[in-house]
S.K.: 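Input: one structure, supplied below.
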There are 2 protein chains.
Amino acid sequence: MDDGRTESAPLTKQDFEALARFRFGIRRYLRFSEEAVRSHGLTPQHYQLLLALKGFPGREWATMRELADRLQLRHHSVVELVDRAQKQGLVDRAPHPPDARAIRVQLTAAGQRDLARLSALHRDELRRMSAVLALPTWEGPEGAAG
Amino acid sequence: MDDGRTESAPLTKQDFEALARFRFGIRRYLRFSEEAVRSHGLTPQHYQLLLALKGFPGREWATMRELADRLQLRHHSVVELVDRAQKQGLVDRAPHPPDARAIRVQLTAAGQRDLARLSALHRDELRRMSAVLALPTWEGPEGAAG
DNA sequence: GCCGATTGTATCGTGATACGATATTAACCT
DNA sequence: AGGTTAATATCGTATCACGATACAATCGGC
């Protein structure tokens, strides 16, 4: 149990408050997201899936494995998620020529539309919540950063 | 006034990538948190509870209602959470003199210890993940700093 | 001191969903 | 051909927040 790894200084009350504030920010953001998303008939997971596709670096589709990484899920759970989303007409499976084992999960027109609306809401909310969601600054004894 | 680009401009591919990257960051952070926390025998919810207490602005305890707000849960669900945490010896119930209906949920010595260790890990990880967890900058065509 | 509102507690069931375990199929690569 | 990887399929399990509902204690106003 005792790993005795104390390379950093013990946290101050300020540090705890900063950590808590950040976590609170995340909770509030996810909470907002959930309500926004559900009011559009989607689940948070669906939205995350759509966003991971449209927001994939450089392209707008991904394979199951890539999704598992981006969503931090077992690839096995991703299949279930994609199944559900496909049943709702949000995403699509397409062949992946360079490797026939893999497939491309991509957005349908409906998925695009829902995602665009929801993402706009999310962007606005992120702007609004910048105070709570900003990373802690960890001001040390050295001096202030601004 | 409606300055246009803030609220209704359609999102660019860059915007989607920024949103997705941020969400990815959150997922990774929570994933890290979960593993770190579980390896110490706690659940993510327990850690959040402890952190909300120790990180409560100005003090180190909170009432059920306050916790419901900070954790974004129904006050009713907080009771269950506190029960579980108390059963594990992490938190404690103490009377709240100014209002006998309310109670003070506070950390036990064990809770303090676990929280201190875990929070240090979290702080380090936050530092490491600053690139993914930083808020999107939303650079518009006119180039404005938030 | 009564009454409505608030705070916490208790219980039961429900829904959502990620996961582990396990197996199968197909395609890849050497 | 053989070993590996990607996707799929099933089944069961665990977690957990929640709604609904009720009750007890306390507070505050009058």
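Worth knowing before you read on, the calculation uses all heavy atoms, side chains too, and leaves out hydrogens, waters and symmetry mates.
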S.K.: Taking the axis from the first five pairs and the axis from the last five, what angle separates them in the helix from C:dG1-D:dC30 to C:dT30-D:dA1, rounded to 10 degrees?
M.R.: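 Taking five pairs per end, the axes differ by 50°.
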S.K.: At less than 4.0 Å, is any side-chain N or O atom of A:R101 found next to OP1 or OP2 of C:dT24? Yes or no.
M.R.: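 False: A:R101 side-chain N/O out of range (4.0 Å or more) of C:dT24 OP1/OP2.
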S.K.: Does a side-chain N or O from A:T43 land closer than 4.0 Å to OP1 or OP2 of C:dT17, or not?
M.R.: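 Yes.
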S.K.: Below 4.5 Å, heavy atoms only, C-beta onward: do A:R70 and A:P57 meet side chain to side chain?
M.R.: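 Yes, close enough: below the 4.5 Å cut-off.
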S.K.: For A:R38 and C:dG15, is the shortest distance between a side-chain N/O and OP1 or OP2 below 4.0 Å?
M.R.: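 Indeed not, no polar side-chain atom of A:R38 lies that close.
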S.K.: Check whether B:L118 and B:F56 end up in the same hydrophobic cluster, where Ile, Leu, Val, Met, Phe, Trp and Tyr are linked by side-chain heavy atoms less than 4.5 Å apart.
M.R.: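 Hydrophobic grouping puts B:L118 apart from B:F56.
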S.K.: Kindly say if B:R74 contacts the phosphate of D:dG19, meaning a side-chain N or O under 4.0 Å from OP1 or OP2.
M.R.: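 B:R74 to D:dG19 OP1/OP2: side-chain N or O found under 4.0 Å.
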S.K.: Cation-pi between B:R28 and B:F24: NZ/CZ under 6.0 Å from ring centre and within 45° of the ring axis?
M.R.: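 Here B:R28 passes the 6.0 Å and 45° test against B:F24.
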S.K.: Could you tell me whether the phosphate oxygens of D:dA17, OP1 or OP2, come under 4.0 Å of any side-chain nitrogen or oxygen in B:R84?
M.R.: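 The answer is yes; a side-chain N or O of B:R84 sits under 4.0 Å from OP1 or OP2.
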S.K.: Do A:T63 and A:H96 have side-chain N/O donor and acceptor atoms under 3.5 Å apart?
M.R.: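 Note: A:T63 and A:H96 side chains miss the donor-acceptor criterion.
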S.K.: Hey, what are the protein-to-nucleotides 9-14 of chain D N/O distances that come in under 3.5 Å?
M.R.:
from, atom 1, to, atom 2, distance (Å)
D:dT10, O4, A:H76, NE2, 3.0

S.K.: Looking at D:dT15, I'd like to know if its phosphate oxygens (OP1 or OP2) sit under 4.0 Å from a side-chain N or O belonging to B:Q45.
M.R.: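 Result: no.
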S.K.: B:H75 NE2 to D:dA22 P: how many Å, rounded?
M.R.: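 Going from NE2 in B:H75 over to P in D:dA22 covers 15 Å.
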S.K.: Given atom CE of A:M64 and atom P of C:dA26, what is their separation to the nearest angstrom?
M.R.: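 Going from CE in A:M64 over to P in C:dA26 covers 17 Å.
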S.K.: Is there a donor-acceptor contact under 3.5 Å linking the side chains of A:S33 and B:R23?
M.R.: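 Yes, a side-chain donor-acceptor pair sits under 3.5 Å.
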S.K.: Ring centres of B:H122 and B:F32 under 6.0 Å apart?
M.R.: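 Between B:H122 and B:F32, the centre distance is under 6.0 Å.
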S.K.: Would you kindly give the CG-to-P distance between A:L49 and C:dT17, to the nearest whole Å?
M.R.: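 Rounded to the whole Å, the gap is 12 Å.
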S.K.: What is the separation between atom CZ on B:R31 and atom P on C:dT17, rounded to the nearest whole Å?
M.R.: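 Distance, rounded to whole Å: 16 Å.
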